[in-house]
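The structure appears below as structure tokens.
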2 protein chains.
Amino acid sequence: MQQNGKTNLGVSPLKVIESNGSGQTTEEVIARISDLIKGAQLKPGDRLPAERDLARQLGVSRPSLRAGLRALASMGVLKSRQGAGTFVAGGPPTLDSEPLRLLAALHGFSFNHMFETRSILEVGAAGLAAQNATGEQLATLAEEIAEMYAALSDPQEYLVHDIRFHRAIAAASGNPTLATLVEMVSAVLYERRRETIDRAHDFKESLELHQQLYRAIRSRQPEEARAAMTEHILRAQQAFALEEREEQSTNQIPEKREDATVGV
Amino acid sequence: MQQNGKTNLGVSPLKVIESNGSGQTTEEVIARISDLIKGAQLKPGDRLPAERDLARQLGVSRPSLRAGLRALASMGVLKSRQGAGTFVAGGPPTLDSEPLRLLAALHGFSFNHMFETRSILEVGAAGLAAQNATGEQLATLAEEIAEMYAALSDPQEYLVHDIRFHRAIAAASGNPTLATLVEMVSAVLYERRRETIDRAHDFKESLELHQQLYRAIRSRQPEEARAAMTEHILRAQQAFALEEREEQSTNQIPEKREDATVGV
DNA sequence: GAATCCGTAATGGTAATACCAATTTGAACA
DNA sequence: TGTTCAAATTGGTATTACCATTACGGATTC
């Protein structure tokens, strides 16, 4: 917002949070900041007043204010940098995937369910991308495929461009809400994937499917794009399961692995 | 976990968080608790040691510990009750929808995009429900439809059972990850919906579609279920847009509204 | 003897204060 | 003009004290 010390955020000094008799001081802070965001008075990249000032403006102590700020920060809407200040999150909209990760751990979500969800989201995104992708977005997709060709012998590098390709499709759907969810779910799976990717053996089939998917999007054929994405994720799921089995029996001699594909 | 004061959580008193030279004391706390959850040492409903004790066990101050706990609480994995203690979240797995709400406000996500995302998720859920729904889940669906019939003249009450019906479908998909996302996205839309629902006029068509959807699920026809859900949400989106337009011009005389349906 | 009531202890919530660490900023200097 | 360094700003942590709510247990009462 501003840099001077008299930042006010439009909060009247009189409108101090009163009588925390109900005890929800922190909740009040969260609500106040949230309202500023919802009311578009705080935009991405804006800087909040210093904690000491803001605390005084809201009529709460600094610890209470910090509690509220931390809650919003853990939701991903605020970012604090020591020495610099507290800022409204900028850049592309993202939802932190850590909550989903913990929820999965708590309730024992299976990876199959996770893949199923990812499939639903990404198949939808692929269909929309075939309808809405701009020329520039199509170019980005093509570039990532080229990079994948170049990285055929480097699993980790291949994975990076694979991820970017999928992210580009989500973006090309033209639906930021959908893209955000795709990113959140995929992030959980990618983390695990990065650990087992080195066991993958043949990327050619994976790359083939990527190509097929790209052509469908480029030629504006939603149904073909959906079908390709469905097939692609199914293979990825199978490859993932296979590699995980191998890892669990890591000391045994792998006999046949000719049908192992990467997918991702 | 336990109620006595000697709770240890398996954390060696020696394994104190050392040399916060890097300054990330709170991060350490979050990581430690997260690991306990991921390692299944903390299960839903478990109670954590008192803050003062836990702070001593981890070798951090109480404010720092609280900062970590609050971050996890705002992610929805912990719940603190004054006077009682801090507990691992129990009940059905849910992701707080507030982060999505704020993200939408920050980046100006449109309701149409939100509906589109909801459609993708719920259509997928409906298809899976047709495959996986148990007898009991089918019964729940039927009951909610009956309740909707009974509430035909009470918009708010109708909406409640409408929500439950959709929630039941998500549950019947057998995929908790998917159900969680459905809930998160829908919650954002429902909140706004509750404000405009009273402007809805005719629930019959909506109810008809619900019936159709239920029959498709009951008779194990995924494609029919998907089609019905697609149609249903499309109508809901249109009704929503219509009611919103009415609200914006709330002081004008509404001329014709015969084609307004509710959907939800 | 059983149910109710109330007080005490335990626990999370808030506050005030001091100090640490990282960043920024700008003035001094080469 | 470019570089360096030091002071001010700002978020991070710690200590301490006290408040508000809840849970538990003993005393009272019926």
Side-chain angles (χ1 to χ4, degrees), chain A residues 1-9 16-33 45-74 76-89, chain B residues 1-7 9 16-33 45-74 77-89:
Chain A
M1 195 146 262
Q2 307 91 336
Q3 309 287 14
N4 64 57
K6 289 226 165 189
T7 310
N8 194 305
L9 275 182
V16 163
I17 295 175
E18 59 187 28
S19 75
N20 40 3
S22 52
Q24 301 191 351
T25 307
T26 300
E27 298 297 327
E28 265 289 335
V29 172
I30 297 176
R32 292 280 275 274
I33 309 281
D46 278 354
R47 183 193 164 182
L48 272 64
E51 293 185 350
R52 292 165 178 83
D53 295 338
L54 189 51
R56 190 154 15 88
Q57 286 181 30
L58 296 180
V60 301
S61 69
R62 196 175 156 221
S64 292
L65 174 75
R66 278 181 59 78
L69 293 184
R70 177 164 297 282
L72 290 168
S74 75
V77 301
L78 293 183
K79 305 282 182 188
S80 290
R81 275 164 43 212
Q82 186 174 172
T86 301
F87 302 83
V88 178
Chain B
M1 191 147 266
Q2 308 90 336
Q3 309 288 13
N4 65 57
K6 289 228 164 188
T7 310
L9 275 183
V16 164
I17 294 174
E18 61 188 26
S19 74
N20 39 3
S22 52
Q24 302 188 349
T25 308
T26 300
E27 297 297 326
E28 266 288 335
V29 172
I30 296 176
R32 291 282 274 275
I33 309 282
D46 278 354
R47 182 192 167 187
L48 272 65
E51 291 185 351
R52 292 164 179 83
D53 295 339
L54 189 52
R56 190 154 15 87
Q57 287 181 30
L58 295 180
V60 300
S61 69
R62 199 179 152 214
S64 292
L65 174 75
R66 279 181 59 80
L69 294 183
R70 178 164 295 281
L72 290 168
S74 75
V77 301
L78 293 183
K79 303 283 182 187
S80 290
R81 276 164 42 212
Q82 186 175 169
T86 301
F87 302 83
V88 178

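So you know, we letter chains A, B, ... as the sequences are listed, proteins then strands, and number each from 1.
Here the P atom of nucleotide C/dT14 and the CD atom of B/E51 are 11 Å apart, to the nearest Å. The CZ atom of A/R70 sits 10 Å away from the C1' atom of D/dT13 (whole-angstrom rounding). Between the C1' atom of D/dG11 and the CZ atom of A/F87 lies a distance of 11 Å, rounded to the nearest Å. Across the protein-nucleic acid pair, A/R81 atom CZ and C/dA21 atom C1' stand 15 Å apart, rounded to whole Å. Atom CG in A/L78 sits about 17 Å away from atom P in D/dT10, given to the nearest Å. Regarding A/L58, its CG atom lies at a distance of 11 Å from the P atom of C/dA15, rounded to whole Å. The nearest whole Å value for the distance from the CG atom in B/L69 to the P atom in C/dG12 is 8 Å. Per the geometry, CD belonging to B/Q82 stands 10 Å off P belonging to C/dG12, to the nearest Å.
Using a 4.5 Å cut-off on side-chain heavy atoms (C-beta onward), A/I33 and A/V77 make no contact.
A distance of 11.0 Å separates CG in B/D46 from CG in B/L78, rounded to the nearest 0.5 Å. To the nearest 0.5 Å, atom CG of residue A/L48 and atom CG of residue A/D53 are 11.0 Å apart. In this structure, CG on A/L69 lies 11.0 Å from CZ on B/R70, to the nearest 0.5 angstrom.
For the pair A/T86 and D/dG11, the criterion of a side-chain N or O lying under 4.0 Å from OP1 or OP2 is met. Between D/dT13 and B/T25, a contact under 4.0 Å exists linking OP1 or OP2 to a side-chain N or O. Between B/T26 and D/dT13, a side-chain N or O to OP1/OP2 separation shorter than 4.0 Å is present. Within the structure, every side-chain polar atom (N or O) of A/S64 is placed at least 4.0 Å from both OP1 and OP2 of C/dT14.
Partners of A/S80 by side-chain contact (heavy atoms from CB on, under 4.5 Å), not counting sequence neighbours, listed by chain and number: A/T86.
When each of B/R52 and A/A84 is assigned the nucleotide of DNA chain D bearing its nearest heavy atom, the one mapping closer to the 5' terminus is A/A84. Nearer the 5' end of DNA chain C, as judged by each residue's closest nucleotide, is the contact made by A/E27, out of A/G83 and A/E27. With the nearest nucleotide of DNA chain C identified for both B/R66 and A/P63, B/R66 has the one nearer the 5' end.
Side-chain N/O atoms of A/R62 and base N/O atoms of D/dG12 include a donor-acceptor pair closer than 3.5 Å.
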